[in-house]
Amino acid sequence: MKLRKISLLLIPLAAIIVSVAVWGPEALARYRDRGILNQIRNLEAESGTEGYRYSLSSNEKLYILSRCLNNQIQPQSDQNAMTWGEGVNLDYEGLTGIYAMVVNRKDSAGQEIPQEQGIELCNNALEELKELGIIPASVRPLRENAYSAVMYSAIDVPEPRNNVLVWKLSLKSGKQNADRENRLLDAYVDADTGKMYEFYVRIQASSWEDIDADGIIKTWAEYMGLDEPREYESTNPLSETTPYFKKYLFSGMEEGNTVVTVGFYDGIHELFLKISR
């Protein structure tokens with residue numbers, strides 16, 4: 001009798017278990033959907049505009065820019081490139097060679113920037129170099145109406161993630177700018193860090209003996225975040241258009257090195273620090 005009662009009790013229990021096994025997952029899914037569907041939620045995500053940027057060391061950036069300036073391979077002339085409209089992307093596949101300098105109107109986040117920002121960035125770098133004693137304090141700040149500023153992408157074409165954004169600043173040629181004394185003539189400035197890679201400047205120094213090339217390169221290397229400079233021993237005396245210069249080596253990428261030159265044009269009192277090209 002007891003066994004019969006137990007059997008009768010087990011039948012409804014088995015039916016409940018079967019029902020839960022069949023319809024339970026579907027009901028649970030509908031419950032979870034009600035908590036997700038038609039709801040607005042905020043999720044933290046990485047910025048897509050910065051995702052393609054590859055972190056380069058100061059030595060690597062210097063090396064890439066040096067090779068690009070050496071080659072000066074561009075898909076078209078600067079004059080034509082200046083006419084690009086908004087929203088034009090760089091076509092890496094269309095470039096030839098290993099390194100290329102390409103006119104670029106946008107920063108690392110894809111935002112278009114006016115040349116006034118490049119001039120302001122260069123002025124900040126100029127003041128910093130003056131404070132460090134690399135450039136004389138007498139050099140005048142840049143005025144917007146006297147300078148042109150163009151942004152370039154220096155690209156390692158086979159590895160386009162290896163690229164450096166730089167501003168090229170140049171004193172405009174014109175009668176109003178005939179006085180070049182104590183003026184910055186040309187410079188390349190990093191668009192991301194604001195550091196000045198290269199400059200040509202008219203100064204009041206009377207001779208090469210007044211220039212402490214070793215002191216300039218050491219202070220500049222620390223300012224740029226580079227490793228210790230090494231003196232370039234096998235320098236060709238005919239490699240420059242002035243006899244007053246000194247060359248230094250910095251480690252680059254893989255087995256390559258970057259040559260940086262500190263020099264002086266005696267007749268026009270022009271001091272320069274340049275990446276070899």
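Below, each value reflects all heavy atoms present in this structure, side chains not excepted, and no hydrogens, waters or symmetry copies.
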Taken to the nearest 0.5 Å, the spacing of Tyr188 OH from Ser170 OG works out to 7.0 Å
Would you name the heavy atoms of Ala149 and Gln115 that are closest together and state the gap between them?
-> N-OE1, 3.1 Å
Set of side-chain hydrogen bond (donor to acceptor under 3.5 Å, both in side chains) partners for Tyr63, sequence neighbours left out = none
Side-chain heavy atoms of Leu62 within contact of Ser66, under 4.5 Å | no
Main-chain N/O of Arg161 paired with Asn163 side-chain donor or acceptor, under 3.5 Å | yes
Please name the pair of heavy atoms, one in Glu60 and one in Ser57, separated by the smallest distance, quoted to 0.1 Å.
-> OE1-N, 2.9 Å
Please name the pair of heavy atoms, one in Pro160 and one in Ile155, separated by the smallest distance, quoted to 0.1 Å.
-> CA-CG2, 4.0 Å
Expected output: side-chain Asp210 to main-chain Ser207 donor-acceptor under 3.5 Å = yes
Using the side-chain contact (heavy atoms from CB on, under 4.5 Å) rule, take Trp167 and Ile113 through it: C-alpha gap first, then chi angles, then the decisive distance, then the call.
-> CA-CA 11 Å; Trp167 283 100; Ile113 34 182; 3.7 Å; yes
Can you measure from CG (Leu184) to CG (Leu169) and round to the nearest 0.5 angstrom?
-> 7.0 Å
Can you tell me how far CD of Gln204 sits from CG of Leu271, rounded to the nearest 0.5 angstrom?
-> 13.0 Å
Cluster membership besides Tyr232, Ile/Leu/Val/Met/Phe/Trp/Tyr side chains within less than 4.5 angstrom, sorted by chain and number, is Leu249, Val259
Test side-chain hydrogen bond (donor to acceptor under 3.5 Å, both in side chains) applied to Ser148 - qualifying residues, sequence neighbours left out = none
Sequence neighbours left out, what passes salt bridge (charged side-chain N to carboxylate O under 4.0 Å, His left out) with Asp212? Give chain and number order.
-> none
Given side chains that start at C-beta, do those of Leu69 and Tyr197 come closer than 4.5 Å, heavy atoms only?
-> no
Heavy atoms, side chains only, cut-off 4.5 Å: are Tyr99 and Asn70 in contact?
-> no
Not counting sequence neighbours, which residues clear side-chain hydrogen bond (donor to acceptor under 3.5 Å, both in side chains) with Thr242? List them please.
-> none
pair Tyr248-Asp214: side-chain heavy atoms closer than 4.5 Å = yes
Smallest heavy-atom separation, Ala154 atom then Ile64 atom, equals O-CG2, 3.8 Å
Crowding at CD, Glu254 (>12 non-hydrogen neighbours, <6.0 Å) | no
Give the table of side-chain donor-acceptor pairs shorter than 3.5 Å for residues 128-141, with sequence neighbours excluded, one pair per line with atom names and distance.
residue	atom	partner	partner atom	Å
Glu128	OE2	Lys195	NZ	3.4
Lys130	NZ	Glu127	OE2	3.1
Lys130	NZ	Val139	O	2.8
Ser138	OG	Asn182	OD1	3.0
Arg140	NH2	Glu181	O	2.6

Does a side-chain heavy-atom distance below 4.5 Å link Met253 with Asn162?
-> yes
Name all residues meeting the side-chain hydrogen bond (donor to acceptor under 3.5 Å, both in side chains) criterion together with Glu233; count only those two or more places apart in sequence or in a different chain, and write none if there are none.
-> none
Would you indicate whether the side-chain heavy atoms of Leu171 and Tyr147 approach each other to under 4.5 Å?
-> yes
Gap separating the NE2 atom of His269 from the CZ atom of Arg180, nearest 0.5 angstrom | 15.5 Å
For Tyr244 and Ile211, indicate whether the former's side chain and the latter's backbone hold a donor-acceptor pair under 3.5 Å.
-> no
When rounded to the nearest 0.5 Å, the distance separating CG of Leu185 from CD1 of Ile268 is 7.5 Å
Under a 4.5 Å cut-off applied to non-hydrogen side-chain atoms, are Thr258 and Asn59 in contact?
-> no
The reported gap from NZ in Lys172 to CZ in Arg143 (rounded to nearest 0.5 angstrom) is 10.5 Å
Do you reckon Tyr200 sits in the same ILVMFWY cluster as Phe245, going by side-chain contacts under 4.5 Å, direct or chained?
-> no
Please identify each residue that fulfils salt bridge (charged side-chain N to carboxylate O under 4.0 Å, His left out) with Asp156, with sequence neighbours left out.
-> none
For Tyr265, ring-ring contact (aromatic ring centres under 6.0 Å, His included) partners two or more places apart = Phe272
For residues 216-226, which side-chain N or O atoms pair as donor and acceptor with protein atoms under 3.5 Å away, sequence neighbours left out?
residue	atom	partner	partner atom	Å
Thr219	OG1	Gly215	O	2.9
Trp220	NE1	Met196	O	3.1
Tyr223	OH	Met196	N	2.8

Transitively linked via ILVMFWY side-chain contacts under 4.5 Å: Leu65 with Ile98?
-> yes
Residues in salt bridge (charged side-chain N to carboxylate O under 4.0 Å, His left out) with Glu240, at least two apart?
-> Lys247, Lys274
Is there side-chain contact between Ser58 and Thr193, with heavy atoms separated by less than 4.5 Å?
-> no
Under the ring-ring contact (aromatic ring centres under 6.0 Å, His included) rule, collect the residues that match up with Phe264, sequence neighbours excluded.
-> none
Side chain of Asn123, backbone of Leu142: donor and acceptor closer than 3.5 Å?
-> yes
